[in-house]
Amino acid sequence: MKKRTNKIYERREPTKDAKLYFIFCEGDDREATYFHFFNKIASQVNIQIVRIEDGKNSPMGLYNNAVYRLLKSKENPNPTYSISDIDEVWFIIDTDKWGNQINTLRENVSNHQNWFVGQSNPSFEVWLYYHFRDEKPQNPVDNWKEYLNTTVKGGFDNRKHPMYIETAITNAKNNYSTTDNIQDDVTTELFILGQKILPLLKPDIDLLLNQ
């Protein structure tokens, strides 16, 4: 088994034909630093984390922010970003306490081409957990941030651990389930996003894993 590297990577600029992903997330910097890792190591993907500046990080707050930042209209003639038909927009959300707001978000997102929801139950840390574990915890977890720091030696390090995304995709997919179209506990849809970006990342990730 090859020794895992502790090297910290310098950013690589995306190529002109890099696949562009816009990510709107409700959380703190953990999501942003996780996805920025891939911008650092690969030039075929360009992940734009769109910051929420007004504090409206509810599911519909994220959606309204995306419409304002991305879609040109008479009322919004100068959106922040220019988006093409092949670019993808993702809303990374926790199940949290949002209830029917998540369903409303999904309904609105379904009206747009290449817009998607990546929900984790209960939180983004579930996705990080599957980078290292292939089964759900045996006991209920009250605080996922604290639990992640104990189950991953030294805690999850966004400077290197995202390179195990292929493992996370497999583990999250194998443990994904729903009941009456509602995500079960300790599940995440982020393996779907992972499956989309992995082919663009794999050559660079394989080089890192073989160092």
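Positions are given from 1, in the same order as the sequence printed here. In this text, all values refer to a predicted model and were calculated from it rather than measured experimentally.
Counting only heavy atoms from C-beta outward, the side chains of L20 and S84 never approach each other to under 4.5 Å. In this structure the side chain of P122 never reaches within 4.5 angstrom of the side chain of D94, judged on heavy atoms. Taking 4.5 Å as the limit, every side-chain heavy atom of N114 sits out of range of all side-chain heavy atoms of D87. Counting heavy atoms from C-beta on, the side chains of I83 and F22 come closer than 4.5 Å.
Between the CH2 atom of W90 and the CD1 atom of I47 there is a distance of 11.5 Å, given to the nearest 0.5 Å. Taking CZ of F124 as the start and CG of D96 as the end, the distance is 15.0 Å to the nearest 0.5 Å. To the nearest 0.5 Å, atoms CD (E88) and CD (Q113) are separated by 10.0 Å. Residue L193 holds its CG atom at 9.5 Å from OG1 of T188, rounded to the nearest 0.5 Å. Rounded to the nearest 0.5 Å, atoms CZ (F38) and CD1 (I165) are 4.0 Å apart. Between the NZ atom in K19 and the CD1 atom in I197 there is a gap of 11.5 Å [rounded to 0.5 Å].
No side-chain donor-acceptor contact under 3.5 Å links E125 to the backbone of K145.
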Check: Does the side-chain contact (heavy atoms from CB on, under 4.5 Å) test come out yes or no for W127 and I169, once each step is laid out?
Finding: CA-CA 9 Å; W127 169 244; I169 291 169; 4.0 Å; yes
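Checked by atom type, the side-chain pair N76/S73 shows no donor-acceptor distance below 3.5 Å.
The aromatic rings of H131 and Y34 sit perpendicular, their planes meeting at an angle over 60°, well past the 30° parallel limit.
Aromatic rings of F91 and W115 (six-membered ring for Trp) have centroids within the 6.0 Å cut-off, being under it. Aromatic rings of F35 and Y21 (six-membered ring for Trp) have centroids beyond the 6.0 Å cut-off, not under it. Between H161 and F37, the ring center distance fails the sub-6.0 Å criterion.
Annotation for N111: atom CG counts as buried by contact number, over 12 foreign heavy atoms lying within 6.0 Å. Environment of OH in Y68: sparse, with no more than 12 heavy atoms of neighbouring residues, nucleotides or ligands closer than 6.0 Å. For K173, the NZ atom sits in a loose shell: 12 or fewer heavy atoms of surrounding residues, nucleotides or ligands are nearer than 6.0 Å. Other residues, nucleotides and ligands contribute more than 12 heavy atoms inside 6.0 Å of the CG atom of N143.
For A18 against S43, the heavy-atom pair with the smallest separation is CB-O, 3.5 Å.
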